[in-house]
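Below: one structure, written as structure tokens.
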There are 2 protein chains.
Amino acid sequence: MKPALLINQVVQKVRAEGGRMTAQRRVILEALVAHPGHPTADEIFASVRRVDPSINLSTVYRTLRWLEENGFVAPRWFEDDHRRERFDPLTGTHTSGEHFHFRCRVCNRIIEFDEPLLAEVCAAFEQRSGARVESAALVLYGVCARCR
Amino acid sequence: MKPALLINQVVQKVRAEGGRMTAQRRVILEALVAHPGHPTADEIFASVRRVDPSINLSTVYRTLRWLEENGFVAPRWFEDDHRRERFDPLTGTHTSGEHFHFRCRVCNRIIEFDEPLLAEVCAAFEQRSGARVESAALVLYGVCARCR
DNA sequence: AAGATTGATGCAAATCGTTTGCATTTAACT
DNA sequence: AGTTAAATGCAAACGATTTGCATCAATCTT
Ligand SMILES: [Mn+2]
Ligand SMILES: [Mn+2]
Ligand SMILES: [Zn+2]
Ligand SMILES: [Zn+2]
């Protein structure tokens, strides 16, 4: 999905809800999709401020929450600063399905990956425990290829 | 590892560091190992308060941090209240190695499990990406057998 | 056993990321 | 252009955790 398409989708959803497409929402959305990796609210805030210096951090949060509730971004937490929420635009290669993350302890880069084996892990647990597994969060930590 | 043994180990480590084994530390440690699941700081606080009503929450935190730094408990976060830290006493069946968690969305129970397949998931990612994987956090979410 | 030493405690205040209430602005409808 | 209510900016509140500091008490010294 191209960024432009994403914006159109968002416009559509906003209208469908009787909402309004404001300049702030547009700018935040652009900053989000332009951002590599998984930015925090204040990374987006800093980025957006360069375009519109009068924008407020609470607007950034409100917009991100709205995007989250409407399935455009997913919230993520990683063990090192587990307290700071990160936002994962569901617009890249991994749009639709689940995907997983590797975080480099040296450069903090996050690498996304998919892994069919994980479905088997879930299936094995379901069978063993009798539970129904609905979603899975997997984060690997280590040192990325570049940092070795 | 039996709770009593754990306490001895802690005493040993405390002394080795020139620290002091206080009544508070003992009570907190007992509350922690007695607690099923993965308690939060204020669950432990509440539990400890019944034994020693004059104990302070900051003492609970300081003790938990010390236990964490010394490898007696591991910090955990789960997606629903991701902001509240939970403490995992490394004293049960899964003491030494990594283990993983399933969290029931209905009763919030946490089930621990181990899964050899996960080593393969890591190996596959290492090979594909050139990264070195040092640890993995996997949490499954769904509905447990009891709640279905 | 009493005193000295200093690590740990209790308390209150600070911190930090995020949320909320409210007066004001403004997008979208008429 | 005028009306309506959704969204904004601002400041204050929030909740979990941390910190500074005076006091207490576990362990060491005598
Ligand atoms: Mn991602
Ligand atoms: Mn556990
Ligand atoms: Zn790296
Ligand atoms: Zn359940």
Side-chain angles (χ1 to χ4, degrees), chain A residues 7 10-29 31-32 38-46 48-49 51-70 72-87, chain B residues 7 10-29 31-32 38-46 48-49 51-70 72-87:
Chain A
I7 292 190
V10 170
V11 172
Q12 213 173 322
K13 186 78 153 219
V14 163
R15 305 210 114 153
E17 293 198 340
R20 297 171 185 180
M21 185 44 98
T22 62
Q24 291 89 331
R25 285 182 171 177
R26 210 177 299 270
V27 175
I28 290 168
L29 194 52
L32 185 69
H38 299 69
T40 62
D42 43 75
E43 282 166 351
I44 292 169
F45 181 50
V48 146
R49 228 213 264 259
V51 179
D52 172 2
S54 73
I55 207 167
N56 192 273
L57 179 58
S58 66
T59 301
V60 172
Y61 273 108
R62 278 188 282 236
T63 300
L64 288 169
R65 292 284 167 247
W66 184 91
L67 291 169
E68 192 182 317
E69 278 159 23
N70 289 275
F72 295 107
V73 310
R76 311 274 181 214
W77 294 269
F78 299 97
E79 284 187 9
D80 22 46
D81 71 341
H82 50 83
R83 208 161 263 154
R84 180 167 264 137
E85 186 170 354
R86 294 181 169 273
F87 297 88
Chain B
I7 292 190
V10 170
V11 172
Q12 213 172 322
K13 187 78 153 219
V14 163
R15 305 212 111 153
E17 296 197 339
R20 296 170 184 179
M21 186 41 111
T22 63
Q24 290 91 330
R25 286 182 170 177
R26 210 177 300 270
V27 175
I28 290 167
L29 194 52
L32 185 68
H38 298 70
T40 61
D42 44 74
E43 282 166 352
I44 292 169
F45 180 51
V48 146
R49 226 215 266 261
V51 178
D52 172 3
S54 73
I55 206 167
N56 191 275
L57 180 57
S58 66
T59 301
V60 172
Y61 273 107
R62 277 188 283 237
T63 300
L64 288 169
R65 291 285 166 247
W66 184 92
L67 290 168
E68 193 182 316
E69 278 158 23
N70 289 276
F72 295 107
V73 310
R76 310 274 181 215
W77 294 269
F78 300 98
E79 285 187 8
D80 22 45
D81 71 342
H82 46 82
R83 201 158 269 149
R84 179 166 267 139
E85 185 170 355
R86 294 181 169 273
F87 298 88

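Naming convention: chains lettered A, B, ... in sequence-line order (proteins, then strands); numbering from 1 in each chain.
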Numerically ordered, the residues 72-80 of chain A set in heavy-atom contact under 4.0 Å with DNA chain D is none
Per the under-4.0 Å heavy-atom filter, residues of residues 57-68 of chain A near DNA chain D come out as A/Ser58, A/Thr59, A/Arg62
Residues 59-70 of chain A vs side chain to side chain donor-acceptor pair (under 3.5 Å), sequence neighbours excluded, gives A/Glu17-A/Trp66, A/Ser58-A/Arg62, A/Arg65-A/Glu68, A/Arg65-A/Glu85
What's the spacing between [X] [atom1] and [Y] [atom2] if we round to 0.5 Å?
{"X": "B/Phe87", "Y": "B/Ile44", "atom1": "CZ", "atom2": "CD1", "result": "6.5 Å"}
{"X": "A/Met21", "Y": "A/Gln12", "atom1": "CE", "atom2": "CD", "result": "10.5 Å"}
{"X": "B/Arg25", "Y": "B/Leu32", "atom1": "CZ", "atom2": "CG", "result": "14.0 Å"}
{"X": "A/Gln24", "Y": "A/Leu29", "atom1": "CD", "atom2": "CG", "result": "13.0 Å"}
{"X": "B/Thr40", "Y": "B/Arg76", "atom1": "OG1", "atom2": "CZ", "result": "15.5 Å"}

Nucleotide by nucleotide, nucleotides 23-30 of chain D touches protein heavy atoms under 4.0 Å in the pattern (B base, S sugar-phosphate only, - none) --BBS---
On DNA chain D, more 5' by nearest nucleotide between A/Arg25 and A/Arg83 is A/Arg25
Kindly say whether A/Arg83 contributes a backbone atom to a donor-acceptor pair with the side chain of A/Asp81 at under 3.5 angstrom?
no
Here the distance between atom C1' of D/dA7 and atom CD1 of A/Ile28, to the nearest Å, is 11 Å
query = Under a criterion of less than 4.0 angstrom to any heavy atom of chain A, what are the 5'-terminal and 3'-terminal contacting nucleotides of DNA chain C?
reply =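 Result: C/dG17 to C/dA28.
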Quiz prompt | Partners passing side-chain contact (heavy atoms from CB on, under 4.5 Å) against B/Val27 (at least two apart in sequence or in another chain) | solution =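 With sequence neighbours excluded, B/Val27 shows a side-chain contact (heavy atoms from CB on, under 4.5 Å) to B/Val48, B/Val51, given in chain and number order.
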Requested in this report: Can you see which heavy atom on B/Arg26 is nearest to which on B/Val11, and at what distance?
Outcome: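 Nearest pair, atom of B/Arg26 first, then B/Val11: NH1-CG2, 4.3 Å.
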On DNA chain C, more 5' by nearest nucleotide between A/Val14 and B/Asn56 is B/Asn56
